[in-house]
Structures are given as C-alpha cells and as structure tokens.
Number of protein chains: 2
Amino acid sequence: MAKSTKRDGYHHGDLRAGLVEATRALVEEKGPDRFSVSDACRVAGVSTAAPYRHFRDKEEMLRAVALEGMLRNRDGFAAASEIHPLGSLDAIAAMGMAYIAFAQAEPGVFRLMFGLTREHDKDPELMEQGRANYGILLQHMAARMGKEEVDDDVAKRAFPLWTFVHGLSFLLIDDKVSAMELDLDIAQVVRANTRRLLAD
Amino acid sequence: MAKSTKRDGYHHGDLRAGLVEATRALVEEKGPDRFSVSDACRVAGVSTAAPYRHFRDKEEMLRAVALEGMLRNRDGFAAASEIHPLGSLDAIAAMGMAYIAFAQAEPGVFRLMFGLTREHDKDPELMEQGRANYGILLQHMAARMGKEEVDDDVAKRAFPLWTFVHGLSFLLIDDKVSAMELDLDIAQVVRANTRRLLAD
DNA sequence: TACATATGTGAGAAACTCTAACATCGTCAA
DNA sequence: TTGACGATGTTAGAGTTTCTCACATATGTA
C-alpha cells in the first residue's frame, strides 16, 4: 500500500509528511506560539527525537507548514483569478476575498506564513512562493493598465491592494472587527475599497 | 529618592516597572517568541520566582508590555492628529504615518499589541485602549463627513483606512516590501491611498 | 549475503515556567 | 516604641520542553 502516514513497524513510512500534517493541525488548534514538537510527536506516534532526522529544529517544522500553506493558498488565489476577466475589478476583488478566506479558514498557518519569526525572510523557498502568489495579482494589474509587461508602475499600483487585504485579514483573525463593534459585509468592504484603490 | 528601578537591598524598589521595561527591551531585541521570563529576571537582577508576585504568568507580562505600547502609541497618534485641521487629508495621513512609524520603531511591541495570542482579546483594558486610539480617527472622519456624532456610517468609512495602514505596517516589519523589490516612498504611498480610500 | 545509509529509539543535558516553603522588609495599631 | 502582618523577595524543586548522542533497526545495492 505504498507510502502512508500509518505506522507499519519500526519505521513510520513517511514521517516527514506525518509531522508536517501534525504540526499544521496543532498550530491551527492551539496557535503557533503554543505549538510544541513533543505534541507533534505524540500525534504522529514517534519518539521526541525522531523529528530531528527530518528537520533541523522546531523552527524548520513550522517553516515547512508555512510553505505548504503558501502553496495551498496559491491554489485558491489562482482559481479566484481565473473565473473573471484578466484585469477586471471582479477578478481582483475575488483574489482579495480568496486571500481573506484563507486567513479566516487557517489563521494559525496564515500567521506562520507571515511574521512569526524573522528567519522566514531568509527562507528563499518561502520567499519565492510569496513572490509567485503576488505575481498573479501583478498580471491582472498589468492587463488593467494596458501594459505588456509587469514594470515598476504596475507593481506600485498593485501593492496597495495587497496591503489592504493583508491588513483586513489580520484585523479579522485578531477579532478587532468585532471588538470595534463593526458589523461588516466583508465581500462588500473588499469590493468597494478595491474599486477605490484602483481609481484615478 | 522615592521609587526607583535600582536595587537597594533585599527589595527591589519597583520590580513591576523594572520587569515591564526589561520585557519590552527583550521583546524588541529577540522578538516576542524568543522572550523568556528568565531573561527578564537576569536583566532586572532578581530570582526567577520574583515576577510571579506581580504577574500571573508570562502571558500577563507580555500583555503589560502591549498595554504600555498601546498608550505610548496613542501619544504619537494624538499628536499627529492635532497638527492638522480636524477631518483634513493631512491629519488623516499623518495619523497613518504615526501608526506605521510606531510599528517600524517597535516591531516587537507592535506584534504584541495585535495577534500574538488570542487571550489579548479578553483583556478589557487593552481592548479599551485600542478603541480609544481608533476613536481619534473616528472623530476626524465624522468631521470630514459633516456629522456631529460618530455613527455607523462614519465607522464604516474609517475602517478601511485603519485596515490599510495596519496591513502596510505588517508588510513593512515582515520585510515583504523589500522582498518584493519594491522601492516605495512610504509617506507618498500612505497619502495617495488614503486619498483614494476617502474618495467618492 | 554483507555493508552502507537512512530512519527510528532511549537516555539525558540544559533551559524554561511555575509552585511551595521560607526570609526579609515596611507599616500601622496598640 | 514595638511587634504582628502583609507585601515582596529567595531557594529548591517538579514537570515540560528542545535538542544531542549512542545505539537499534530497516532498506537498498554491490
């Protein structure tokens, strides 16, 4: 039965994948700061020394989850961008909603994908994936501005859109929206302000 | 010489304040996730059991720093809002810049003020301060819209402005701006997009 | 088959959070 | 003035955690 996450004897089968999944689940359940390697080991059913055959340290386990999240996020992002015309307000707003939906569905992983530790910036793979995601938005923006190629102007007009949905995502998962007693229709907020940010 | 942070004998003088300051410095130096109570004790020059006379746990120490940051942030925020006419683009953009400047000056504390843990939401004092800060923006927005009182419409028009500078703050401190090879004049970005978000 | 390599285990060192019992200091009522 | 008490510090230590080291077991290849 090929490789599986199920234990089969002395060896695990695919412990790396098993640990990444356990880590993802625990990060989501308890929050990134309450995650422990030992917990992941308990879930995966291995000793606490086992992970160190596959990851340099705890940090690297979390980075693996962040990277996997970035890839998964890209799917939703790309899908949203493709159901509307290139460069349309509909397409751009849909991408924003996909970004926010991911943050709300997996706040733990989302937090991991950004911020949590400065070492993430040094991870070239993670950075590359982030750039690829942003690239999709850039394509739409270039089309909208009637340009063949993505240039600095395009990048500078696209950036505020990212900024906006990024900030909204954090305010939502940190519960600031309800704390301020705001009763918002998120889709409406995204669409209206995307339109404003695109205006000129 | 009244209360001081300096050690004077068996007792410390004002250990609570000393620990908050040590915690703030360490959070800024190493990041919130690398902070340890023991480190703070070493800096303050007390035993590792001492903090528990003043704080329930590590979490509460960090919350104290977040609250103190929120108060300090408010000073800059209020100051920025007062040097320009009530409700003017200048005033609102200046407040945005103050917000971002704080994040860049104290990224560790800024991260603490939002997110890091969900327990923060339950801290009524912290929530109250956050609301007070947001209230300053609401005043300007109400004036701009020619209203006497802050109502739902005002809150809904102000919210995107917060969202925008909040997102920009995080992208800056997480180094995403340089990672995407964007060379931005932040003041320019804030002003241009604040104007767009206010338009209609 | 036999050897090299990959992947798991158990034991333990070092650090950390937090508690419990005890020590010291300041203060206020008698 | 004094002495009891509450506030605030210390020492010792239990329990958890990260990570390393030596050793065990599985897998693949000559």
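Just so we're clear, the structure is a prediction, and the values are computed from it rather than from any experiment. Chain naming here is simple, since letters A, B, ... match the order of the sequence lines and numbering starts at 1 in each.
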Of the listed D:dT8, C:dT19, C:dT9, the closest approach to the B:H54 side chain comes from D:dT8
Among C:dG8, D:dC19, D:dG9, the one nearest any side-chain atom of A:R53 is C:dG8
Please tabulate, for the side chains in residues 83-93 of chain B, all donor-acceptor contacts under 3.5 angstrom to protein atoms that are two or more places apart in sequence or on a different chain.
| unit_1 | atom_1 | unit_2 | atom_2 | d |
| --- | --- | --- | --- | --- |
| B:S88 | OG | B:P85 | O | 2.7 |
| B:S88 | OG | B:A91 | N | 3.0 |
| B:D90 | OD1 | B:R191 | NH1 | 2.8 |
| B:D90 | OD1 | B:R191 | NH2 | 3.0 |

Gap between atoms [atom1] and [atom2], on [X] and [N] respectively (whole Å):
X	N	atom1	atom2	result
A:E60	D:dT18	CD	C1'	15 Å
B:D57	C:dC18	CG	P	5 Å
B:R16	D:dG9	CZ	P	12 Å
A:E59	D:dC19	CD	P	9 Å
B:L19	D:dT8	CG	P	12 Å
A:D14	D:dT27	CG	P	14 Å
B:D33	D:dT18	CG	C1'	15 Å
A:F55	C:dT7	CZ	C1'	13 Å

Show the atom names and distances, to 0.1 Å, of all donor-acceptor pairs under 3.5 Å that link a side chain in residues 73-80 of chain B to residues at least two apart or in another chain.
| unit_1 | atom_1 | unit_2 | atom_2 | d |
| --- | --- | --- | --- | --- |
| B:R74 | NE | B:Q129 | OE1 | 3.4 |
| B:R74 | NE | B:N133 | OD1 | 3.2 |
| B:R74 | NH2 | B:Q129 | OE1 | 2.8 |

Polar atom pairs (N or O), protein with nucleotides 10-16 of chain C, under 3.5 Å:
| unit_1 | atom_1 | unit_2 | atom_2 | d |
| --- | --- | --- | --- | --- |
| C:dC16 | OP2 | B:R42 | NH2 | 3.4 |

| Within 6.0 Å of CG in A:D200, more than 12 heavy atoms from elsewhere |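 Result for CG/A:D200: enclosed.
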### Task
Would you check if A:I136 and A:Q139 make a side-chain contact, meaning some heavy-atom pair closer than 4.5 Å?
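Answer no - side chains too far apart.
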**Message:** Identify the stems formed by DNA chain D, where each pair is Watson-Crick or G-U wobble with both distances under 3.5 angstrom and a stem is at least 3 consecutive pairs.
**Reply:**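 Counting only runs of 3 or more consecutive pairs, the stems involving DNA chain D are C:1-30 with D:1-30.
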| query | Which residue pairs pass the ring pair (Phe, Tyr, Trp, His ring centres under 6.0 Å) test when at least one of the two sits in residues 132-158 of chain A, sequence neighbours left out? | reply |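 Listed once each, the pairs are A:Y134-A:W162.
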So ring pair (Phe, Tyr, Trp, His ring centres under 6.0 Å) across residues 16-52 of chain A, not counting sequence neighbours, yields none
B:E28 side chain vs B:V109 backbone, donor-acceptor pair below 3.5 Å | yes
Classify the angle between the aromatic ring planes of B:F102 and B:F110 as parallel (below 30°), tilted (30 to 60°) or perpendicular (above 60°). tilted
Practice problem: Measure the acute angle between the ring planes of A:F170 and B:F170, then classify it against the limits of 30° and 60° as parallel, tilted or perpendicular. | Solution: parallel
